[in-house]
Number of protein chains: 2
Amino acid sequence: MALSRVSNEALVAAAAEVFRTHGFEGATLRRLSEATGLEKASLYHRFPRGKEEIALAVAERVNQWFSKNVFEPLEGDGTPSTRVRLIAHKLREFYGDGSKSCTLDTLSLSGGGDALAAALQAGLLGWLEAFTRISKESGLPAATARSRAEQAIIEVEGALVLSRVLRHNKLFLKVISRLPELLLI
Amino acid sequence: MALSRVSNEALVAAAAEVFRTHGFEGATLRRLSEATGLEKASLYHRFPRGKEEIALAVAERVNQWFSKNVFEPLEGDGTPSTRVRLIAHKLREFYGDGSKSCTLDTLSLSGGGDALAAALQAGLLGWLEAFTRISKESGLPAATARSRAEQAIIEVEGALVLSRVLRHNKLFLKVISRLPELLLI
DNA sequence: GTCTATAGCTTGATAGAC
DNA sequence: GTCTATCAAGCTATAGAC
C-alpha cells in the first residue's frame, strides 16, 4: 500500500461533485481530472475500469454517507422527532441547501451501466427502509409508515428538480422543514 | 418554403425523446440523427446553431404541448374535478406511465446554455400558474392554492426520479391518481 | 503513484455535390 | 433539402518514463 498524493476519500468526494453536477455523460475525464487534481492516467491507475468504475465508487460512497449520516442516526438515541430533525439538517447540508442535485437523479439517466443502476437502486431502497422504520417507530402502522417514507423521498427528489429549474431553493427548504410531520405521527 | 422529408413536428418530437432519455450532454448528434432519420448535416440545415438550438426547440415544443394539453383544458368546461382528471390522464400518457423522464429534469442538468434554462423555467412557471388557478377555482384561498400546485408538481417530478431508479412505476401512478385530491378542495 | 505523450475513436460542426 | 466527405477538437483509454 504505497503513498497516494490524494486520498481515496478525497478523490471520490471530488468526483461525486462532478457526477452530481454534470450527470454520467457530462462527467468527462477532463472534468474529473481537474476536480480531483490527478491526471487522467492516474485516475486509471486508481480505477482501472475507468469512468464507470469511478461512478460506481461515487454511488457506493454516497450510499455509505447515507448509512452513516441518515440511516444510523435514525436508529440512535433521543425521540423519533429529535432524530428526524437531526437527519433533516444533514440532508440540507448534503444537498447544499437545495443548490446541489441528487446523484440518484443525475447518475440514473443513461450510460452508467447495470452495476451503477443496481447501486443506485440499493441506496434508494435503503433510504426507503430507514424512513419506514422511523415512521413505524413513531407509532404509525407498517403500511402507513411505508407510504410516508415514499412520500418524503419523493418530495425531497422533486423539490431538488424544481429548485434547479427555478434557480431558488425555497421549495427544497420547505420540504426539509416538513420532514418531521411527513414521517412522524 | 420547400418540401421537407421529415416534418418539423416529427423531427422535434423524435429529438425530444433523445433529450429526455439521455439528457443534454448524452444527446449526441449521432443519436439525434438516428432518431430523426436525418443526417447530421441536414439537422444543421434545419437548426443552424446546432444541438443547442434543437434542445431549445424541444423545450419550446414541450411547453406548447403543456399549454395545449394541460393548461388550456384546465380552463375549459366541466367541474374542476373533471378537468383535473382529464389532464391527469394526459400527464400519465406524456410520461409513458412513469417510464419516461421529464425534460425539466434531464435538460436542466448542465451544458444547455442560458436560453434553454430560461425556457425550462418559463415552462415550469406556467405549469405552477395553471395548477394554482384550478386549485383556486375549486375554492381554495390563493396562498393555499399556490402551495397545492407546488406540492403536486414536486410529487410528479419526484415520483419520476424514483420510478427511474426503482425501475417500476407504482409510485408515479399513485401520484397521478392523487392529483385531484392534491389540487382540489 | 503520478506524470507526459499518444493512440484511436467520437464529438460538434462545415463544405460542397446533387 | 438532403446527402457524403471531411475537419478540428474532445473523448476514453493506454504506454512508458520517472
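Chain A is the first sequence line, chain B the second, and so forth, proteins listed ahead of strands; every chain is numbered from 1.
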*Check whether any side-chain N or O of B/Arg46 sits under 4.0 Å from OP1 or OP2 of D/dT2, and answer yes or no.*
yes
*asked:* Counting C-beta onward and ignoring hydrogens, is there a side-chain heavy-atom pair between B/Glu25 and A/Thr28 closer than 4.5 Å?
replied: no
*Please confirm whether B/Lys90 makes a cation-pi placement over B/Tyr95, using NZ or CZ under 6.0 Å from the six-membered ring centre and within 45° of the ring normal.*
no
*Is A/Lys100 positioned over the aromatic face of A/Phe94, cation under 6.0 angstrom from the ring centre and no more than 45 degrees off axis?*
no
_Can you measure B/Tyr44 atom OH to D/dC3 atom P for me and round it to whole angstrom units?_
15 Å
*To the nearest Å, give me how far apart CZ (A/Phe47) and P (C/dT2) are.*
11 Å
*asked:* How close do B/Ala130 and B/Leu74 get, counting heavy atoms only, and between which atoms?
replied: O-CD1, 3.9 Å
*asked:* Rounding to an integer number of Å, can you tell me how far A/Arg30 CZ sits from C/dT10 C1'?
replied: 15 Å
_Given C/dG12, C/dC3, D/dA13, the nucleotide with the shortest approach to the side chain of A/Leu29_ = D/dA13
*To the nearest Å, give me how far apart CG (B/Leu38) and P (C/dG12) are.*
16 Å
*asked:* Within the 4.0 Å heavy-atom criterion, would you say A/Ser42 contacts the bases, only the backbone, or no part of the nucleic acid?
replied: base
_Whichever of A/Lys51 and B/Val6 has its nearest DNA chain D nucleotide further upstream toward 5'_ = B/Val6
*Kindly compute the distance separating SG (A/Cys102) from CH2 (A/Trp127), expressed to the nearest 0.5 Å.*
5.5 Å
*Just how far, in rounded Å, is P of D/dA17 from CD of A/Glu39?*
19 Å
*Can you check the A/Arg5 CZ to D/dC18 P distance for me, whole Å?*
17 Å
*Closest to the B/Ala41 side chain: D/dC11, D/dT14, C/dT14?*
C/dT14
*Between D/dG10 (P) and A/Glu25 (CD): distance, integer Å*: 18 Å
*Starting from the 5' end of DNA chain C, give me the residue, A/Lys40 or A/His45, whose nearest nucleotide shows up first.*
A/His45
*Measure the distance from CD1 on B/Ile54 to P on C/dT11 and round it to the nearest whole Å.*
14 Å
